[in-house]
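Everything on this sheet refers to the single structure shown next.
So you know, we letter chains A, B, ... as the sequences are listed, proteins then strands, and number each from 1.
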Amino acid sequence: MRIVSWNVNSLNVRLPQLVRWLEHDEARAPDILALQELKLEEGRFPRAELETLGYQALVSGQKTYNGVALLARTLPTDPVADMPGYEDPQRRMLAAAVDGVRVVNFYVVNGQSVGSEKFDYKMAWLEAARGFLAAQLAQYPKLVVLGDFNIAPDDRDVHDPVAWHERILCSTSEREALRRLLALGLHDTFRMFEEGAGHFSWWDYRQAAFRRNLGLRIDLVLVSDALRAHCAGAGIDRVPRAWERPSDHAPVWLEMAL
DNA sequence: ATGGTGGTGCGACCA
């Protein structure tokens, strides 16, 4: 089973790249695909085009901002788009079951800058996410949590840790919030297969950051203890980031032997 | 140097 997370930064703009990416290497096409930053309402989701490629989609959409989807060969079941007890008009979460695996797709709040109002929202959102994931784990031991976490787990995940020291996406409080999620019994699958620095999933559009590999690794695929031994490979697909008019994020993937 | 790029949508706001 191959599972992928990709922040597409507007599905309206990126649909041609998504289609091209799904077709360019069919042997590596995902069984499950989690998308973030659709920036469209559910009614504008391109269901027909994706059905042609063999995918059924669950969508939690929103005009202009946010928006997430879960795609699989058969429609994911038992969907949840709201974290119980946490009111959030922003569409940032979608959980459902596919082939006996529970999948939670997150588009974590960016947070703008440490100490801002948006930062407070980010920290509150992450605390709600911790409670939600604890409940999901209790109900579904085989859990995958993936998406744009807007947190670089440690300095290996940052091209210039000095310049980014205690800045948004890299601050100690954000990293501790991520640690509290991992402490539930979740594992950063990329680090099961690669311990080195310099592997990124997001590069700013400015200053030719991708060409110079000035990036951060903020898109993650986490698995629960019950799935850990089944992980066979994980990585970041930089290919579509080099295409014309790309998303600023690369797809990140996990291969599981189930 | 508080810049730089891109998406949404037409003026800011978000990342």
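- For B:dG7, neither phosphate oxygen OP1 nor OP2 lies less than 4.0 angstrom from any side-chain nitrogen or oxygen of A:Thr64.
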request  = Start with the C-alpha gap between A:Trp202 and A:Asp148, add the side-chain angles, then the distance that decides, and say whether side-chain hydrogen bond (donor to acceptor under 3.5 Å, both in side chains) holds.
outcome  = CA-CA 10 Å; A:Trp202 170 84; A:Asp148 177 358; over 6 Å; no
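- Between the side chain of A:Arg92 and the main chain of A:Pro89, no donor-acceptor pair closer than 3.5 Å is present.
- When each of A:Asn9 and A:His249 is assigned the nucleotide of DNA chain B with its nearest heavy atom, A:Asn9 is the one assigned upstream, toward the 5' end.
- In this structure, the CG atom of A:Asp148 is 10 Å from the P atom of B:dA15, given to the nearest Å.
- B:dG9 and B:dC14: their C1' atoms are spaced 13 Å apart (whole Å).
- Comparing B:dA15, B:dG9, B:dG6 against the side chain of A:Glu37 picks out B:dA15 as the nearest.
- Between A:Asp188 and A:Arg217 there is a salt bridge, since a side-chain N of the basic residue sits under 4.0 Å from a carboxylate O of the acidic one.
- When each of B:dG7, B:dT8, B:dA15 is scored by its nearest atom to the side-chain atoms of A:Arg14, the top-ranked nucleotide is B:dG7.
- One C1' atom belongs to B:dG4, the other to B:dA15, and the distance between them is 14 Å to the nearest Å.
- Atom name C1', nucleotides B:dA1 and B:dG11: the rounded distance is 26 Å, in whole Å.
- Of the candidates B:dT8, B:dC13, B:dA15, the closest approach to any side-chain atom of A:Tyr65 belongs to B:dC13.
- The CG-P distance, from A:Asn110 to B:dA15, rounds to 5 Å in whole Å.
- Among the nucleotides B:dG7, B:dA15, B:dT5, the one closest to the side chain of A:Lys39 is B:dG7.
- Not one N or O on the side chain of A:Tyr140 forms a donor-acceptor pair closer than 3.5 Å with the backbone of A:Val103.
- Between A:Arg245 and B:dG7 there is a side-chain polar atom (N or O) within less than 4.0 angstrom of OP1 or OP2.
- In this entry the distance linking CG of A:Asp204 with P of B:dG4 reads 12 Å, nearest Å.
- If you take CG of A:Leu214 and P of B:dG3, they are 20 Å apart, rounded to a whole angstrom.
- When rounded to the nearest whole Å, the span between CD of A:Glu174 and P of B:dA15 equals 13 Å.
- Remark on DNA chain B: of its neighbouring residues A:Asn66 and A:Leu11, the 5'-side contact belongs to A:Leu11, judged by nearest-heavy-atom nucleotide.
- Look at A:Arg92 and you'll find a side-chain N or O under 4.0 angstrom from OP1 or OP2 of B:dA15.
- Summarising the geometry, the separation between CD on A:Gln62 and C1' on B:dA15 is reported as 14 Å, rounded to the nearest angstrom.
- Between A:Arg47 and A:Glu42, at least one side-chain nitrogen of the basic residue sits less than 4.0 Å from a carboxylate oxygen of the acidic one, meeting the salt-bridge criterion.
- Within 4.0 Å (heavy atoms only), A:Arg167 reaches no atom of the nucleic acid at all.
- A:Phe210 comes within 4.0 angstrom of nothing in the nucleic acid, heavy atoms only.
- Distances shorter than 4.0 Å separate some side-chain N or O of A:Lys118 from OP1 or OP2 on B:dC14.
- Across all strands shown, B:dG3 forms no Watson-Crick or G-U wobble pair with both key distances under 3.5 Å.
- The CD-P distance, from A:Gln207 to B:dG3, rounds to 13 Å in whole Å.
- A salt bridge does not link A:Asp25 with A:Arg20: every distance from a Lys NZ or Arg NE/NH1/NH2 to an Asp or Glu carboxylate oxygen is 4.0 Å or more.
- The distance from atom CH2 of A:Trp202 to atom C1' of B:dG6 is 12 Å, rounded to the nearest whole Å.
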